[in-house]
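Quick note on labels: first sequence line is chain A, next is B, and so on, each numbered from 1. Just so it is clear, the values below take in all heavy atoms, side chains as well, and ignore hydrogens, waters and symmetry mates.
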There are 2 protein chains.
Amino acid sequence: MPAMHIFDGLLGYQIRRLSLVVMADLADALAPLSLRPAEASVLFAIEANSGLTQSELGRMLGIKRANMAPLIAGLESRAAITRDAVDGRSQALHLTEEGKALHARALAVTQAHEERCFGSLANGERLRLARELNQLWACRGESVDEG
Amino acid sequence: MPAMHIFDGLLGYQIRRLSLVVMADLADALAPLSLRPAEASVLFAIEANSGLTQSELGRMLGIKRANMAPLIAGLESRAAITRDAVDGRSQALHLTEEGKALHARALAVTQAHEERCFGSLANGERLRLARELNQLWACRGESVDEG
DNA sequence: TATTGTTATACTCTATAACTATA
DNA sequence: TATAGTTATAGAGTATAACAATA
């Protein structure tokens, strides 16, 4: 096996490789629900913040309006969410009963996935690492949609 | 700002968000060299392992043969690398003089990028984190190309 | 038979720009 | 003027399948 140590100290490289492995695992786990990772994150965010708008959701998840539109349309066409006009231009998002059931299944799948990918870390270690990673991006400008 | 704490403990989510921010920074930094992150990683790997083949390179970087082909073709058409037949089917990869110069510039850009993204961590912390992340994916099966 | 490299193609997610409608 | 939502389009990276040539 060739020497890899060039990338050993490159944090950006390690983060990218890990992200690929982890997201592939999650995508596989969600596939039986016909859900993609981005769609699952939308379900989680709506469940926890019922009534928020598409724009708020996008800012929360770092997804641009232009990319949020088809995501939401897809979930609505599956009757997982509803849109209630609140403003004439804004629409409040809610989970339907089917949406809640789907959310519950996605949550279970996601927790099993976390266990599969990070089970080698103790609970305290996991939380510490999550916070450490969070600080490295959450402090950023976070524009997301100023175009 | 809506409550985000749903994702606070989800390591997969934190890794993905961080990866996006970090890779966007690297892509911007490499753009003036007309290099994409994947191409830069190829330059780094060839520089450190001169003479390796495309397949070896792919296994090292987790890039499939099918996706490696156009990457290598692009770098060769820019005269950054050469291919010397070694086998009739395998080809040894080397950096040209232009390729070495490009590698040097890419390395400087990447180091500045690491400093920009992870400068808030002490050197020891950075290495510890890099090793922690590495362990979470490097232990995996690592098939990459058994199809 | 297994491996190397190539081509074609599809998918996920992101990004930008332009547009309508509303506040 | 600024915001909400939509559409169209392009880009980077990944994945699979099939193929030719070689070992």
Side-chain angles (χ1 to χ4, degrees), chain A residues 12-13 15-17 19-28 30-31 34-42 52-77 81 83-93 142-147, chain B residues 12-13 15-17 19-31 34-42 52-77 81 83-93 143-147:
Chain A
Y13 185 82
I15 288 162
R16 169 149 176 68
R17 288 297 297 267
S19 177
L20 284 178
V21 167
V22 168
M23 293 320 292
D25 182 276
L26 181 60
D28 285 351
L30 287 171
S34 298
L35 267 187
R36 292 166 299 164
E39 292 173 321
S41 72
V42 164
L52 89 175
T53 69
Q54 250 172 260
S55 297
E56 290 168 338
L57 184 57
R59 280 188 288 270
M60 184 169 164
L61 297 177
I63 298 176
K64 294 194 188 303
R65 295 196 320 277
N67 298 325
M68 187 60 79
L71 264 180
I72 294 299
L75 290 173
E76 192 189 24
S77 79
I81 64 176
R83 301 199 253 194
D84 303 302
V86 80
D87 194 42
R89 62 181 175 180
S90 298
Q91 288 157 9
L93 304 173
E142 277 264 49
S143 49
V144 166
D145 233 342
E146 56 195 14
Chain B
Y13 185 83
I15 288 163
R16 169 149 176 69
R17 288 297 297 266
S19 177
L20 284 178
V21 168
V22 168
M23 293 321 293
D25 182 276
L26 182 59
D28 286 351
L30 288 171
S34 298
L35 268 186
R36 291 167 298 164
E39 292 174 321
S41 71
V42 164
L52 89 175
T53 69
Q54 251 172 260
S55 297
E56 289 168 338
L57 184 56
R59 281 188 288 269
M60 185 168 164
L61 297 176
I63 297 175
K64 294 194 188 304
R65 295 196 321 279
N67 298 324
M68 187 61 79
L71 263 181
I72 294 298
L75 289 173
E76 192 188 24
S77 79
I81 65 177
R83 300 198 252 194
D84 302 303
V86 81
D87 195 40
R89 59 181 176 181
S90 299
Q91 289 156 9
L93 304 173
S143 51
V144 166
D145 233 341
E146 55 196 15

Could you tell me how far apart A:D84 (CG) and D:dG5 (P) are, to the nearest whole angstrom? 13 Å
So, for A:A38 and A:S41, which heavy atoms are closest and what is the spacing to 0.1 Å? O-OG, 2.7 Å
With respect to the side chain of B:L20, which nucleotide from C:dA8, D:dA4, C:dT14 is positioned closest? C:dT14
Between atom CG in B:L61 and atom P in D:dA15, what is the gap in whole Å? 13 Å
side-chain N/O B:S55 vs C:dG5 OP1/OP2, d < 4.0 Å: yes
CZ of B:R59 versus C1' of C:dG5: gap in Å, rounded? 12 Å
Distance col, row A:R65:CZ vs A:M68:CE, nearest 0.5 angstrom, shows 11.0 Å
Do the side-chain N or O atoms of B:R16 get closer than 4.0 angstrom to the phosphate oxygens (OP1, OP2) of C:dT14? yes
Between C:dT3 atom P and B:Q91 atom CD, what is the distance in whole Å? 18 Å
Measure all distances between protein nitrogen or oxygen atoms and nitrogen or oxygen atoms of nucleotides 19-22 of chain D, and list the pairs falling under 3.5 Å.
from, atom 1, to, atom 2, distance (Å)
D:dT22, O3', B:D87, O, 3.3
D:dT22, O2, B:R89, NH1, 2.9

Give a yes/no answer on whether the side chain of B:K64 brings an N or O atom under 4.0 Å of OP1 or OP2 in D:dA15. yes
Would you mind telling me which of C:dA15, D:dA4, C:dT4 lies closest to the side-chain atoms of B:S90? C:dT4
Look at all strands and tell whether A:A66 reaches a base, only sugar-phosphate, or nothing, counting heavy atoms closer than 4.0 Å. base
When you measure from the side chain of A:R17 to the backbone of B:L61, do you find a donor-acceptor pair of N or O atoms at a distance under 3.5 Å? yes
Any non-hydrogen side-chain atom of A:V42 less than 4.5 Å from a side-chain atom of A:L93? no
Pick out the pairs of N or O atoms, protein on one side and nucleotides 10-12 of chain D on the other, that lie under 3.5 Å.
none

Testing the basics here: between B:S19 and A:R16, what is the closest heavy-atom pair and its distance to 0.1 Å? OG-CA, 3.9 Å
Between B:R36 and the options B:L71, B:L30, B:L26, the side chain to side chain contact (heavy atoms under 4.5 Å, CB included) test singles out B:L71
A:N67 vs A:A92, nearer the 5' end of DNA chain D by closest nucleotide: A:A92
Nucleotide D:dA15, atom P - distance to CG of A:L26 in whole Å: 15 Å
What does A:I72 touch in the nucleic acid at a heavy-atom separation under 4.0 angstrom: a base, only the sugar-phosphate, or nothing? nothing
Do you know which two heavy atoms are closest between B:A92 and B:V86, and how far apart they sit? N-CB, 4.4 Å
Per nearest nucleotide of DNA chain D, the residue lying toward the 5' end, A:A24 or A:T53, is A:T53
In this structure, how many angstroms lie between the C1' atom of C:dC13 and the CE atom of A:M23, rounded? 10 Å
Under 4.0 Å between a side-chain N or O of A:Q54 and OP1 or OP2 of D:dT6? yes
Under the side-chain hydrogen bond (donor to acceptor under 3.5 Å, both in side chains) test, which residues partner B:Q91, sequence neighbours left out? none
Looking only at non-hydrogen atoms, find the nearest pair between A:E39 and A:L75 and report the distance. O-CD1, 4.2 Å
Length of the line joining B:I63:CD1 and D:dG13:C1', which is rounded to integer Å: 9 Å
Round to the nearest Å and state the distance from A:L30 atom CG to C:dC11 atom P. 18 Å
